[in-house]
Protein chains: 2
Amino acid sequence: MGIAERKEREKEDMRKLILNAARKLFLEQGYEKTSIRGIADAIEYSPATIYLYYKDKNELLFALHEDAFLKMMQELGQVRSIHDPFARLLEMGHQYIKYAIENPELYDLMFIMKAPMETLACREEIWEDGLKAFGFLKEVITDCVNAGYFKNKNIEISALTIWSYMHGLVSIYLKNRMTMFQDDQQLQGMQQSFILFTSMIRDSL
Amino acid sequence: MGIAERKEREKEDMRKLILNAARKLFLEQGYEKTSIRGIADAIEYSPATIYLYYKDKNELLFALHEDAFLKMMQELGQVRSIHDPFARLLEMGHQYIKYAIENPELYDLMFIMKAPMETLACREEIWEDGLKAFGFLKEVITDCVNAGYFKNKNIEISALTIWSYMHGLVSIYLKNRMTMFQDDQQLQGMQQSFILFTSMIRDSL
DNA sequence: CAAATATACTAAACACTGTTTAGTAAGCAA
DNA sequence: TTGCTTACTAAACAGTGTTTAGTATATTTG
C-alpha cells in the first residue's frame with residue numbers, strides 16, 4: 001500500500017515548507033530576530049507543529065547550516081575549471097570572501113555560531129560539512145605542493161593556516177571590527193591584505 | 001556641601017556593584033544565559049534599578065568589553081620587556097592565543113559579538129579599545145621593519161594580515177570548528193600552524 | 001459498515017527574557 | 001514642617017523557546 005509512502009512524502013514536504021519559511025525569515029531579519037512563532041505564522045501553522053518536525057530551534061539552524069555548505073561548495077567548486085593549482089587556490093580565496101560578504105548570516109551559521117555545533121555534539125556526529133569543505137582546501141593545496149608551488153609537506157597544517165587567515169579576515173570585516181579603515185575602504189583593505197598574504201604563501205609556504 | 005560628591009560616589013559604587021555581579025555571572029554561565037533578573041538577584045535589587053545605571057544590556061556588555069581590553073593590554077604589554085622586535089611579536093602572538101583560550105567569553109565580547117559594537121554605533125563613538133590594541137600591534141611591526149625583519153612598508157596592511165590570521169586561528173578553535181584534529185590535539189595543531197605562520201612572515205613579509 | 005486506533009494538529013500554559021511605567025518611600029532643601 | 005528630588009520597586013508589557021493536554025481527522029481492524 002502506498003499510503004505510508006505518501007505520508008512519508010507529505011512529512012518531507014512539511015519539513016521543507018518549514019525550512020523554506022525559516023530560511024526566508026532568517027535571511028530577511030537575521031537569526032536573533034526570527035522566532036518560532038514568526039516561522040509558524042509564515043506557514044500558517046501553530047508553533048507547536050514545528051516541533052513535530054524539528055526537535056528544537058538549533059536543529060532548524062543546523063538544517064540551514066547544511067544547505068549553506070551545499071551552496072558554498074557549489075560556488076567554490078567552480079574553481080575546479082582552473083588548471084594551475086595556485087591560480088585555483090587564489091580564486092578559491094576570492095570566492096570564499098565573496099560568499100562570506102554576500103551571505104553574512106549563513107557564514108555566521110557555518111563558522112561562528114555555537115548552535116549548529118551543539119546539535120552535532122548531542123547527536124554525537126562529526127562536522128561532515130565542515131570537514132568536506134576543509135578537504136577541498138587540502139586537495140587544492142596538495143596540488144600546489146605537487147606542482148612545486150609549496151615546499152611545506154604538512155597539508156593539514158598548511159590548510160589550517162590558510163583557512164585561519166581567510167576566516168579571520170572575513171570575520172573581522174563581518175563583525176564590524178575593521179575600523180582602522182573608513183567604511184568605504186574596508187573592502188579595498190581586505191583586498192590589499194589578501195594580496196600580501198597570497199604573495200607570502202607563494203614565496204615561502 | 002559634600003552631599004553631591006557623596007551621591008556621585010554612591011552612584012559610581014552602584015555602577016561597579018552591578019558590573020561586578022554582571023561579570024561574575026557572565027563568566028560563570030556565559031552571556032546568553034545571564035539575565036538582567038539574574039544580575040538583579042545577585043545584588044539584591046530589582047531589575048528596574050539596573051536600568052537607572054545602564055541604558056540597556058548592550059551597554060552593560062560594552063562596559064565589560066572595555067575592561068576585557070584593559071586586561072588584555074596588561075597581559076600583552078608585558079612583552080615590552082623583550083628587546084628583539086621579532087621575538088616580541090612572537091611572544092605577543094603567544095600571549096594573544098593564551099588570553100583568548102583563558103577568556104573565551106571576553107574574547108567573544110571583544111571581537112565577535114555585535115552587541116558592544118551596536119552601543120558604540122548609536123553613541124557615534126569610535127572603537128577606541130580595539131584601535132588602541134591594533135595600534136600596539138602596529139608599533140611592534142614598525143619596530144620589526146626598522147630592525148630589518150620585514151621589507152613590506154605598509155604597516156596597516158601587515159598588521160591587518162597578522163591579526164586576521166591570529167583571530168581566525170583562535171576563533172576556529174573557540175567556536176569548536178577545529179574538528180580536523182582530535183580534541184586533545186587541537187592545541188598542538190594551533191601551535192604548529194603558529195610556527196608555520198611566523199616562519200612565513202619572517203621569510204617574506 | 002462501525003468501532004478502535006493512530007496521526008496531525010493546535011490552544012493554552014510554562015517558564016523564561018529585556019524593558020517600561022507608575023507609584024512609593026526616604027533624603028534633602030527651603 | 002512643607003515641598004521637592006532622588007532611589008527604588010511591583011507590576012505590567014510584549015516578547016521568547018518549548019511542552020502538555022486535548023481535539024478533530026484519517027486509517028486500520030473486527
Side-chain angles (χ1 to χ4, degrees), chain A residues 1-19 21-23 25-26 28-65 109 113-116 118-119 122, chain B residues 1-19 21-23 25-26 28-65 109 113-116 118-119 122:
Chain A
M1 55 190 85
I3 289 173
E5 283 83 349
R6 195 206 66 214
K7 293 238 165 166
E8 197 55 49
R9 272 202 314 277
E10 283 174 355
K11 217 162 184 166
E12 202 44 53
D13 286 350
M14 191 65 170
R15 281 180 69 92
K16 276 177 189 161
L17 183 71
I18 294 168
L19 202 63
R23 179 176 25 246
L25 290 177
F26 179 59
E28 262 173 32
Q29 50 190 236
Y31 159 72
E32 282 176 1
K33 282 171 186 165
T34 302
S35 65
I36 298 286
R37 280 175 179 80
I39 298 166
D41 274 4
I43 58 172
E44 295 178 298
Y45 278 86
S46 99
T49 301
I50 291 173
Y51 287 89
L52 300 172
Y53 296 88
Y54 292 93
K55 187 178 144 281
D56 54 23
K57 201 182 175 183
N58 279 1
E59 206 169 276
L60 212 51
L61 288 174
F62 181 70
L64 290 173
H65 155 283
L109 216 43
M113 281 178 51
K114 282 189 170 170
E118 275 162 20
T119 294
C122 76
Chain B
M1 56 190 83
I3 290 173
E5 282 86 347
R6 194 205 68 212
K7 292 236 164 165
E8 198 54 49
R9 272 202 314 276
E10 281 174 357
K11 217 162 186 165
E12 202 44 54
D13 285 352
M14 191 64 170
R15 279 180 70 92
K16 275 180 189 160
L17 183 71
I18 294 169
L19 201 64
R23 179 176 25 244
L25 290 178
F26 180 60
E28 261 174 35
Q29 49 191 235
Y31 159 73
E32 282 176 0
K33 282 172 187 166
T34 302
S35 67
I36 299 287
R37 280 176 179 80
I39 299 167
D41 274 5
I43 58 172
E44 295 178 299
Y45 278 86
S46 101
T49 300
I50 291 173
Y51 287 88
L52 300 172
Y53 296 88
Y54 291 93
K55 186 179 146 280
D56 55 22
K57 201 182 175 183
N58 279 1
E59 206 169 276
L60 212 50
L61 289 175
F62 181 71
L64 290 175
H65 155 283
L109 215 44
M113 282 178 53
K114 283 190 169 170
E118 275 162 20
T119 294
C122 77

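Here is how names work: the chains are called A, B, and so on, in the same order as the sequence lines, proteins then strands, and each is numbered from 1.
The side chain of A:I36 lies closest to D:dT18 when the candidates are D:dT18, C:dA8, D:dC8. Taking every side-chain heavy atom of B:A48 into account, D:dA10 is the closest of D:dA10, C:dG18, D:dT19. Of the candidate nucleotides C:dC9, D:dT18, C:dG18, D:dT18 has the atom nearest to the side chain of A:Y51. The side chain of A:S35 sits closest to D:dT16 out of C:dA11, D:dT16, C:dG18.
Within 4.0 Å (heavy atoms only), A:T49 reaches at least one base atom of the nucleic acid. The residue A:Y53 sits close only to the backbone: its heavy atoms come under 4.0 Å of sugar-phosphate atoms, none of a base.
In this structure, A:K57 atom NZ and C:dC16 atom P are separated by 19 Å, rounded to whole Å. As a whole-Å value, the separation of B:L25 CG from C:dG18 P is 11 Å. At whole-Å resolution of the value, CD1 in A:I50 and P in C:dT10 are 10 Å apart. Between B:K33 atom NZ and C:dA15 atom C1' the separation is 15 Å, expressed in whole Å. Atom NZ in A:K11 sits about 8 Å away from atom C1' in C:dT7, given to the nearest Å.
Annotation: cation-pi geometry not satisfied between B:K33 and B:F26 (NZ/CZ under 6.0 angstrom from ring centroid, within 45° of ring axis).
Residues A:L52 and B:T34 each lie close to DNA chain C; by heavy-atom proximity, the contact nearer the 5' end of the strand is made by A:L52.
Side-chain N or O atoms of B:R15 include one that pairs as donor or acceptor with a backbone N or O of B:Y53 at under 3.5 Å. Counting only distance, with no hydrogens or angles, the side chain of B:Y54 and the backbone of B:L61 share no donor-acceptor pair below 3.5 Å. Using a distance-only test at 3.5 Å, with no hydrogens or angles considered, a donor-acceptor pair links the side chain of B:T34 to the main chain of B:G30.
No donor-acceptor contact under 3.5 Å links the side chain of A:R37 to the base of D:dG15.
Within the structure, every side-chain polar atom (N or O) of B:S46 is placed at least 4.0 Å from both OP1 and OP2 of D:dA10.
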